[in-house]
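Accompanying notes for the structure given below.
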Amino acid sequence: MKKRILGRYDGKKRSWFRQFKEFLALLLLIVLLFQLVVGVFFVKGDSMYPTLDDGELALYLRIVPEYHRGDIVSVRLPSGEQYVKRIVGLPGDEVDFKDGRLFINGEPQDEPYANGESAPEGNNLTYPCTLTADRYFVLGDNRNHSVDSRHPLVGPIPVEDIMGKEMIRIPFGEWFP
């Protein structure tokens with residue numbers, strides 16, 4: 001009798017333990033994915049309006065071989081805060097502002113996403129500004145309400161302070177106002 005009872009439950013115990021191990025492996029895979037490949041960021045403020053709204057959830061890819069002009073990226077500012085900005089100047093580019101417009105390498109930029117005038121703020125940069133080999137010039141789309149590379153405490157962003165490139169945005173604020 002004893003053998004029959006153990007035999008009947010033995011398979012269920014192994015099945016439960018196998019499912020638990022599979023769950024732990026899946027959980028470990030998800031944690032590694034979010035630590036090494038994908039990052040999550042909630043948009044705070046209006047600096048990227050109208051492209052991104054306050055409260056949106058953005059997923060960004062951490063492993064990016066190279067960044068391009070126009071990429072929306074998550075950056076770590078010198079203050080340690082993390083923001084979402086748009087790359088407008090690449091290493092080696094000459095950045096300038098004239099008559100409320102952004103010029104890259106002497107060419108005026110068509111920026112349909114920009115809200116407000118593109119004008120330099122009082123900072124330690126003189127314009128035109130040539131970016132060094134490891135620096136990117138980032139701006140918020142809402143030019144009048146953005147702390148970005150024009151700001152005195154920010155300046156051009158080193159490549160190691162770019163956390164990743166935006167992949168997906170979820171309008172989280174619409175679900176939970």
Side-chain angles (χ1 to χ4, degrees), residues 14-93 95 102 104-105 109-115 118 125 129-143 145-151 153-177:
R14 282 192 210 128
S15 174
W16 176 87
F17 187 64
R18 187 181 74 238
Q19 288 176 349
F20 182 71
K21 287 191 311 186
E22 289 171 359
F23 171 77
L24 285 179
L26 181 63
L27 185 63
L28 178 64
L29 181 66
I30 290 170
V31 168
L32 285 174
L33 177 72
F34 277 91
Q35 287 295 314
L36 302 174
V37 181
V38 177
V40 179
F41 184 76
F42 280 98
V43 177
K44 294 175 248 160
D46 295 326
S47 72
M48 286 298 290
Y49 178 81
T51 306
L52 297 172
D53 291 319
D54 186 26
E56 282 188 328
L57 175 71
L59 297 179
Y60 61 90
L61 184 62
R62 295 179 191 268
I63 303 170
V64 179
E66 63 180 303
Y67 296 101
H68 303 282
R69 190 173 292 111
D71 286 348
I72 296 175
V73 294
S74 177
V75 297
R76 185 182 323 110
L77 298 183
S79 65
E81 295 178 283
Q82 191 173 349
Y83 287 99
V84 177
K85 301 293 176 195
R86 185 180 301 273
I87 293 177
V88 296
L90 303 172
D93 281 350
V95 178
L102 171 67
I104 303 292
N105 300 323
Q109 299 300 295
D110 180 31
E111 300 180 291
Y113 47 78
N115 183 30
S118 298
L125 292 177
C129 166
T130 302
L131 301 173
T132 59
D134 67 336
R135 303 279 172 156
Y136 290 81
F137 204 89
V138 297
L139 294 175
D141 287 354
N142 193 359
R143 301 292 161 82
H145 298 93
S146 179
V147 175
D148 48 37
S149 290
R150 301 171 296 167
H151 195 272
L153 299 176
V154 179
I157 302 291
V159 68
E160 59 268 8
D161 287 346
I162 298 177
M163 308 300 292
K165 178 181 173 180
E166 180 204 40
M167 293 185 326
I168 300 170
R169 66 184 84 125
I170 302 166
F172 214 60
E174 293 177 10
W175 297 342
F176 302 102

Where the side chain of Arg150 meets the backbone of Arg143, is there a donor-acceptor pair that is under 3.5 Å apart? yes

Side chain of Ser149, backbone of Gly155: donor and acceptor closer than 3.5 Å?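 It does hold such a pair.
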
Quick one: closest heavy-atom pair of [X] and [Y], and the distance?
X: Val43; Y: Asp54; result: O-OD1, 3.2 Å
X: Ile162; Y: Val75; result: CG1-CG1, 4.1 Å
X: Gly89; Y: Ile104; result: CA-CD1, 4.3 Å
X: Asn115; Y: Pro50; result: CB-CD, 3.9 Å
X: Val154; Y: Asp148; result: CB-O, 3.2 Å

4.5 Å side-chain heavy-atom contact, [X] and [Y]:
X: Val95; Y: Leu131; result: yes
X: Tyr136; Y: Pro156; result: no
X: Ile157; Y: Leu77; result: yes
X: Val88; Y: Gln109; result: no

Measure the [atom1]-[atom2] distance between [X] and [Y] for me, rounded to the nearest 0.5 Å.
X: Asp71; Y: Glu66; atom1: CG; atom2: CD; answer: 9.0 Å
X: Ile72; Y: Arg169; atom1: CD1; atom2: CZ; answer: 5.0 Å
X: Leu24; Y: Gln19; atom1: CG; atom2: CD; answer: 12.0 Å
X: Leu33; Y: Leu28; atom1: CG; atom2: CG; answer: 11.0 Å
X: Asp141; Y: Asp46; atom1: CG; atom2: CG; answer: 12.0 Å
X: Lys165; Y: Leu61; atom1: NZ; atom2: CG; answer: 8.5 Å

Under the side-chain hydrogen bond (donor to acceptor under 3.5 Å, both in side chains) rule, collect the residues that match up with Arg69, sequence neighbours excluded.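 For Arg69 the side-chain hydrogen bond (donor to acceptor under 3.5 Å, both in side chains) partners, ignoring immediate neighbours, are Asp93.
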
Of all residues at least two apart in sequence or in a different chain, which pass the side-chain hydrogen bond (donor to acceptor under 3.5 Å, both in side chains) check with Glu160? none

Sort and list the pairs that fulfil salt bridge (Lys or Arg N to Asp or Glu O under 4.0 Å) and have at least one residue in residues 29-38, not counting sequence neighbours.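 Output for this query is empty, none listed.
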
Name all residues meeting the salt bridge (charged side-chain N to carboxylate O under 4.0 Å, His left out) criterion together with Arg135; count only those two or more places apart in sequence or in a different chain, and write none if there are none. none

So, using salt bridge (charged side-chain N to carboxylate O under 4.0 Å, His left out) as the criterion, who are the partners of Glu22 when residues are at least two apart?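 So Glu22 forms a salt bridge (charged side-chain N to carboxylate O under 4.0 Å, His left out) with Arg18.
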
Under the criterion side-chain contact (heavy atoms from CB on, under 4.5 Å), which of Phe41, Phe42, Tyr60 is the partner of Val84?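 With Val84 as partner, Phe41, Phe42, Tyr60 yield a single side-chain contact (heavy atoms from CB on, under 4.5 Å), made by Phe41.
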
Of the options Gln82, Lys85, Arg62, which is the one that meets Ser74 in a side chain to side chain donor-acceptor pair (under 3.5 Å)? Gln82

State whether Glu111 and Arg86 are salt-bridged, where the test is any N-O pair (Lys NZ or Arg NE/NH1/NH2 against Asp/Glu carboxylate O) under 4.0 Å. no

Does atom OH of Tyr49 have more than 12 heavy-atom neighbours, drawn from other residues, nucleotides or ligands, at distances under 6.0 Å? no

Could you list the residues that satisfy side chain to side chain contact (heavy atoms under 4.5 Å, CB included) with Glu81, not counting sequence neighbours?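 By the side chain to side chain contact (heavy atoms under 4.5 Å, CB included) rule, Glu81 matches Ser79, Tyr83.
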
